[in-house]
> 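A single structure is presented below for examination.
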Amino acid sequence: MNNQEKTFAKGGISVDTEHIFPIIKKWLYSEKDIFLREIVSNAADAITKLRRLSSLGVREATEESYRITVTLDAEAGTLTVEDNGIGMTEEELTKYLCNIALSGAVDFIRQYEGENEGSKNGIIGHFGLGFYSVFMVSDRVEVDTKSYTDAPAVRWLCSESGEYETFASDRTERGTAVILHIAEEEKEYLSVSKLRAMLEKYCAFMPEEIYFVDAAKEEEADKTPEPINDTHPLWQKQPSEVTEEEYKEFYRKIFADYREPLFHIHINADYPLNFKGILYFPKLANEYETIEGQVKLYYNQVYVADNIKEIIPEYLLMLKGVVDCPELPLNVSRSYLQTNTYVSKVSAHIVKKVADKLCALCANERERYAAIWRDISPFIEYACMKDKKFYDRVNGALLLTLTDGESVTLSDYLESAKETHENKVYYATDKALQAQYIAMFEAQGIKVALFDRPIDTQFATLMEQYREGVKFLRVDADVADALKGDGEISESEELKRVFGEVLGEKVTLKFDALKDESVPAILNVTEESRRMEEMMRFYNMGEGGFPTESTLILNTTSPLIEKLEQTAKEDEERAKEMASYLYKLSMLSQKKFSAEEMQGFMKDSFALLMKL
Ligand code: ADP
């Protein structure tokens with residue numbers, strides 16, 4: 001009798017839930033691709049086990065090379081994953097593939113079956129049902145295996161309904177071949193490009209060499225096939241062994257991003273927390289580009305999922321990189337991640353490492369850090385807003401970009417402000433529009449921070465809460481004492497009268513003697529009312545027109561104001577025209593004109609030209 005035909009055993013997969021296979025299919029429908037990961041990682045495990053036996057001396061160590069081969073035979077409609085690992089005896093096969101593995105699956109399904117559709121999405125994208133996930137795509141599965149022991153080889157055939165048969169096998173080589181007979185409706189898994197993409201996604205860093213063979217293609221004889229994976233990924237190495245170029249190369253390869261990352265963080269923790277990873281801070285082309293990064297989670301070099309926010313807090317999700325958590329089971333659910341202390345410790349450690357890196361860059365490589373600050377600051381500011389602990393850690397590494405192009409730490413700014421404007425940080429939100437104010441401050445040696453992105457001002461509000469006594473003031477919020485001269489301030493009654501008729505009720509008139517004589521008048525809006533107005537605009541409340549309260553400051557040292565005062569005494573109408581025009585000019589450098597205001601201003605300007 002042919003060995004193949006001799007039946008050893010017949011049976012049905014023993015499970016205590018009926019119709020398990022249809023349930024597997026239903027539940028895993030959207031994540032079918034993972035079957036390949038499950039089978040290939042089983043193959044890698046089988047090799048690892050064999051290696052261990054050799055290293056323990058249970059088995060004689062040999063020089064042989066271990067490999068996993070994934071063969072596609074589209075014509076036959078099969079996909080085969082073969083390894084030369086530990087193999088299984090008949091007893092092991094029955095024990096592992098007919099009972100135990102599935103009982104895990106049953107528990108899993110029990111846990112989720114009762115839950116509604118919504119919570120199904122809460123299960124993270126990828127979880128495994130181990131070996132049984134092959135039934136999502138196959139209508140028949142064969143396992144042909146020979147144990148490393150002297151036990152005879154065995155062949156196992158299982159239908160999609162869970163009916164199996166075991167035969168003696170004539171396999172002579174140690175190891176296991178899992179042959180999937182791809183179901184008619186799953187033909188896409190017989191496509192070379194689909195399989196290559198799946199291998200790239202799930203198996204690119206598996207610890208044993210994987211080769212892909214397309215049975216339809218004659219392999220070129222002189223070409224030694226290359227494994228599709230990198231068995232020693234960079235994150236497993238010691239940071240001291242890796243060059244800067246290797247880090248960049250790894251980044252380019254994984255993320256297909258031609259731009260160099262701004263910096264990287266290599267985490268190589270083994271005690272008490274065991275996990276490794278490399279995180280990159282990407283360079284974004286412009287601020288409108290999507291800030292979604294990509295942090296790939298691995299379990300012992302086997303890909304699990306992307307962007308798991310339990311591992312990387314949401315505010316750091318612009319990072320790109322890899323994190324390998326060997327203490328995380330492959331079959332993870334959201335609720336598991338949310339309550340697992342290992343996961344929260346990993347997450348906390350990542351946050352700490354990112355903060356440490358920023359502080360180290362700030363302290364040791366200030367020039368480089370300052371150069372990338374414009375790129376990273378929105379993220380750092382956002383992170384600080386989201387997590388006070390993160391702020392506490394990076395507090396000393398927060399820089400202010402100044403309007404003159406330099407940058408200083410916030411602490412240094414406050415230190416140097418002690419003499420002139422203690423506890424105040426002056427900032428501009430628009431370098432061009434606020435140029436006159438900036439020039440006035442700079443002329444008196446007061447540095448102005450550039451807050452030209454919406455998040456900057458929100459961050460300022462937060463800083464005021466975190467740093468007691470510190471105030472952030474836009475350059476048009478008040479007249480810094482340092483701008484004022486010691487000259488006498490003469491409050492002209494004529495000017496009060498003229499401006500009283502020109503200015504609306506909500507504009508207060510004030511006189512000041514500024515050091516800079518060239519500026520006749522400036523318009524101030526208090527920081528509070530401007531922020532309030534900005535907030536209203538942000539939430540689409542109110543028109544967002546000119547803020548309610550403003551103060552026009554007339555500079556008594558200015559010759560123009562002097563002239564205006566004289567005119568007010570001689571020609572009331574003319575003085576009013578001048579006052580009105582001056583007010584508009586001061587408005588112009590305080591904010592952007594509305595269409596109507598701009599038209600009025602142009603009209604006045606033309607009328608003025610006519611008079612020249
Ligand atoms: P898990 O891998 O999580 O244990 P599986 O259902 O994937 O669950 O596999 C069950 C068991 O079957 C494995 O633990 C292993 O003992 C055995 N097994 C599966 N594939 C192989 C293989 N290629 N070689 C040897 N043993 C295997």
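Side chains included, hydrogens not; waters and symmetry mates left out as well; all remaining heavy atoms used. Numbering of ligands and ligand atoms starts at 1, following listing order.
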> Among residues two or more places apart or on two chains, list those pairs meeting salt bridge (Lys or Arg N to Asp or Glu O under 4.0 Å) that have a residue in residues 260-271.
Lys248-Glu260

> Are any of the N or O atoms of Asp83 closer than 3.5 Å to those of ligand 1?
yes

> Quick one: list whatever passes salt bridge (charged side-chain N to carboxylate O under 4.0 Å, His left out) with Arg67, sequence neighbours left out.
none

> Any nitrogen or oxygen of Ala46, side chain or backbone, less than 3.5 Å from one on ligand 1?
no

> With a 4.0 Å cut-off on heavy atoms, does Glu38 reach ligand 1?
no

> With atoms numbered from 1 as shown, which atoms in ligand 1 lie under 4.0 angstrom from a non-hydrogen atom of Phe131?
5 (P), 6 (O), 7 (O)

> Hey, is Lys49 touching ligand 1 through its side chain, its backbone, both or neither, going by heavy atoms under 4.0 Å?
side chain

> Is a salt bridge present between Glu173 and Lys146, judged by a nitrogen-to-oxygen distance below 4.0 Å?
no

> Taking the ring of Phe390 and the ring of Tyr315, is the distance between their centroids below 6.0 Å?
yes

> Got a salt bridge between Arg252 and Glu245, using NZ or NE/NH1/NH2 to carboxylate O under 4.0 Å?
yes

> Contact between ligand 1 and Glu92 is defined here as a heavy atom of the residue under 4.0 Å from a ligand atom; is it met?
no

